[in-house]
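Below is one structure, written out as structure tokens; the observations come after it.
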Amino acid sequence: MQRNMLKIRIFTLITLCLCITDSVHAQQCTNGFEMDRSSGQCLDVDECRTILDACRGDMMCVNQNGGYLCIPRTNTMFRPNFRNPYLPAAAAPLPPPNFPSPARPLICRFGYQLDEDNQCVDVDECASESHQCNPTQICINTEGGYTCSCTEGYWLLEGQCLDIDECRYGYCQQLCANVPGSYSCTCNPGFILNSDGRSCQDVDECITDNPCVQTCMNTYGSYLCRCEPGYELDEDGVNCSDMDECSVSEFLCQHDCVNEPGSYYCSCPGGYVLLDDSRTCQDIDECDTGNNTCTLQQLCFNIPGSYRCLDSVRCEEPYMQINDNRCMCPVENTACRDQPFTIVHRHMDLLSTRSVPTDIFQMQATTRFPGAYYIFQIKSGNEGREFYMRQTGPISATLVLTRPITGPRDLVLDLEMVTVNTVVSFRGSSVIRLRIFVSQYLF
């Protein structure tokens, strides 16, 4: 036999025709045969005629009993017989004898094999490692064959399984780390990963682990520390330190500001009481409350923050006492010739470092004579030049404070009013002896 490449496709080798004439059971034929209804016999099927292009290329189809063969056209062993068209037609062939064909060996189609029971069963190419899958692929057995695929997290590209970068597709809510064949989701600080492995949930740090010293406020993904009133947050954002309110502003208290942990309070000096606004100091009138040490013979004079016990006015020679605060020098007394005609005693209080210039006392003539004019001046007590007299009218003048005075301090000023009458050639004067008590404080 010549060695020619012979491709034989045998679809049916068993020619046994099972003809069951029982009225209950239908008659059946094996593959490659068909039932002839007229004769009730199994007749061979000519696949070379019924199957279009049963053999392709340089192969020709040769019908066989129960099947067909594809052989090269150059093979002379299976040349079909050609009838001479000029010869008379041959007589019709006799029908084949109706007896079982001899059994032929069973051949399974590709991807199957005979088992112990002479049945065609699937060949597991994956288990037998007879597949042709790439080492990066996995083999999946199918009926009669197999398929090459990639594991989850990979995709097939040009015969290779390449890792899928799941992070590019936003699988994670926050942070995504791609790993071969998979990915891993993580969360930013302040969040925890939910059970779905993708989404993140805020962590309430104020409940789980309160890091703040005083007040904790949870925020989305973080937290904020707050301090109670009177405290301020340190640079570490966690601890609280006492706020020295007294150093923040000098206007919190009228007098002294006392700082204490988380707060402050205002205090007043002796002789004052703190008002309901907790910052303003009000003078206590010791003369009115009776909380003083003055005798019955003395006059209690209240000044801001304190008081003075004033003795009764006593006029010195050559003056005569007219009333409680007035002394007069009689004109008939020669010793009074160069002295002021009257000396009136007055007293007043003055706040320390009062703003200047400011008017503090007014002096005025009680009578006015025809042809007379008046001159006002400070006769004594103004050595520091803190005051001056400003004449405000023909018979009046005002004492003006020109420089701030810091107390406590007691001053005595002699304010003189000189009367000049050109008609009768008269010149005389009167003095107000003003005693000023300067308080220690500004209020």
Side-chain angles (χ1 to χ4, degrees), residues 245-258 264-289 291-294 298-311 313 325 343-365 374-393 395-417 430-443:
E245 297 87 352
C246 299
S247 64
V248 174
S249 174
E250 60 180 2
F251 301 104
L252 290 177
C253 300
Q254 190 176 32
H255 182 55
D256 282 342
C257 179
V258 181
Y264 72 97
Y265 65 90
C266 298
S267 66
C268 297
Y272 292 87
V273 62
L274 191 65
L275 295 181
D276 293 339
D277 62 2
S278 299
R279 67 168 302 272
T280 305
C281 297
Q282 183 178 14
D283 172 56
I284 298 174
D285 191 344
E286 293 86 357
C287 299
D288 184 52
T289 60
N291 186 22
N292 59 78
T293 60
C294 298
Q298 292 177 320
L299 174 66
C300 181
F301 178 69
N302 186 67
I303 61 175
S306 185
Y307 66 94
R308 293 289 188 274
C309 294
L310 305 180
D311 295 327
V313 174
N325 65 339
I343 299 177
V344 179
H345 292 265
R346 297 287 180 88
H347 46 265
M348 63 174 291
D349 62 88
L350 183 66
L351 294 178
S352 182
T353 63
R354 186 171 180 176
S355 59
V356 293
T358 183
D359 299 343
I360 63 172
F361 186 80
Q362 188 173 12
M363 186 176 182
Q364 183 174 339
Y374 302 91
I375 302 173
F376 298 90
Q377 60 187 6
I378 301 175
K379 186 175 182 180
S380 63
N382 193 27
E383 291 77 9
R385 299 184 179 275
E386 293 96 346
F387 307 92
Y388 86 96
M389 292 294 295
R390 183 183 74 245
Q391 191 153 343
T392 56
I395 60 172
S396 63
T398 300
L399 178 65
V400 180
L401 178 65
T402 59
R403 294 180 182 178
I405 299 178
T406 302
R409 186 178 174 186
D410 293 350
L411 300 174
V412 178
L413 298 178
D414 280 353
L415 308 180
E416 185 179 33
M417 180 184 69
S430 296
V431 170
I432 294 180
R433 185 157 291 166
L434 180 63
R435 191 174 182 183
I436 302 175
F437 301 101
V438 182
S439 68
Q440 183 179 354
Y441 304 104
L442 307 179
F443 45 87

Member of Asn292, Thr289, Asp283 meeting the side chain to side chain donor-acceptor pair (under 3.5 Å) criterion with Asn302
Asp283
Test item: Ser396 side-chain N/O and Gln364 main-chain N/O as donor-acceptor pair under 3.5 Å
no
dist Arg346:CZ -> Ile436:CD1 (nearest 0.5 Å) comes out at 13.0 Å
Taking the side chain as everything from C-beta on, heavy atoms only, tell me whether Ser430 gets closer than 4.5 Å to Val344.
no
Could you grab the distance from atom CG of Asp276 to atom CD of Gln282, nearest 0.5 Å is fine?
10.0 Å
Salt-bridged, Arg390 to Asp359, with N to O below 4.0 Å?
yes
The reported gap from CD1 in Ile405 to CG in Leu351 (rounded to nearest 0.5 angstrom) is 11.5 Å
For residues Thr353 and Thr406, determine if any side-chain heavy atom of one lies less than 4.5 Å from a side-chain heavy atom of the other.
yes
Enumerate donor-acceptor pairs with a distance under 3.5 Å from any side-chain N or O in residues 249-257 to protein atoms, sequence neighbours excluded.
| from | atom 1 | to | atom 2 | distance (Å) |
| --- | --- | --- | --- | --- |
| Ser249 | OG | Phe251 | N | 3.1 |
| Gln254 | OE1 | Cys281 | N | 2.5 |

Would you check if Asp410 and Arg308 make a side-chain contact, meaning some heavy-atom pair closer than 4.5 Å?
yes
Is the shortest heavy-atom distance from the side chain of Pro269 to the side chain of Phe443 under 4.5 Å?
yes
Measure SG to SG for Cys294 and Cys287 and state whether it is below 2.5 Å.
no
Once you round to the nearest 0.5 Å, how far does CZ of Arg279 lie from SG of Cys268?
10.0 Å
Spacing of NZ belonging to Lys379 relative to CZ belonging to Arg433, to within rounding of 0.5 Å:
8.5 Å
Using atom types as modelled, flag every donor-acceptor pair under 3.5 Å from a side chain in residues 381-388 to any protein atom, sequence neighbours excluded.
| from | atom 1 | to | atom 2 | distance (Å) |
| --- | --- | --- | --- | --- |
| Asn382 | OD1 | Arg385 | N | 3.4 |
| Asn382 | OD1 | Glu386 | N | 3.1 |
| Asn382 | OD1 | Phe387 | N | 3.2 |
| Asn382 | ND2 | Phe387 | O | 2.7 |

Parallel, tilted or perpendicular: which one describes the rings of Phe301 and Phe437, with boundaries at 30° and 60°?
tilted
With the side chain counted from C-beta on, respond yes when Leu350 and Leu411 share a heavy-atom pair under 4.5 Å apart, and no when they do not.
no
For Leu415 and Met417, what are the C-alpha separation, side-chain angles and deciding distance, and is it a side-chain contact (heavy atoms from CB on, under 4.5 Å)?
CA-CA 7 Å; Leu415 308 180; Met417 180 184 69; over 6 Å; no
Side-chain heavy-atom pair Tyr307, Thr293 within 4.5 angstrom cut-off:
yes
So which atom in Gln391 and which in Ile375 form the shortest heavy-atom distance, rounded to 0.1 Å?
OE1-CA, 4.4 Å
Interatomic distance, Tyr265 atom OH to Cys246 atom SG [nearest 0.5 angstrom]:
9.0 Å
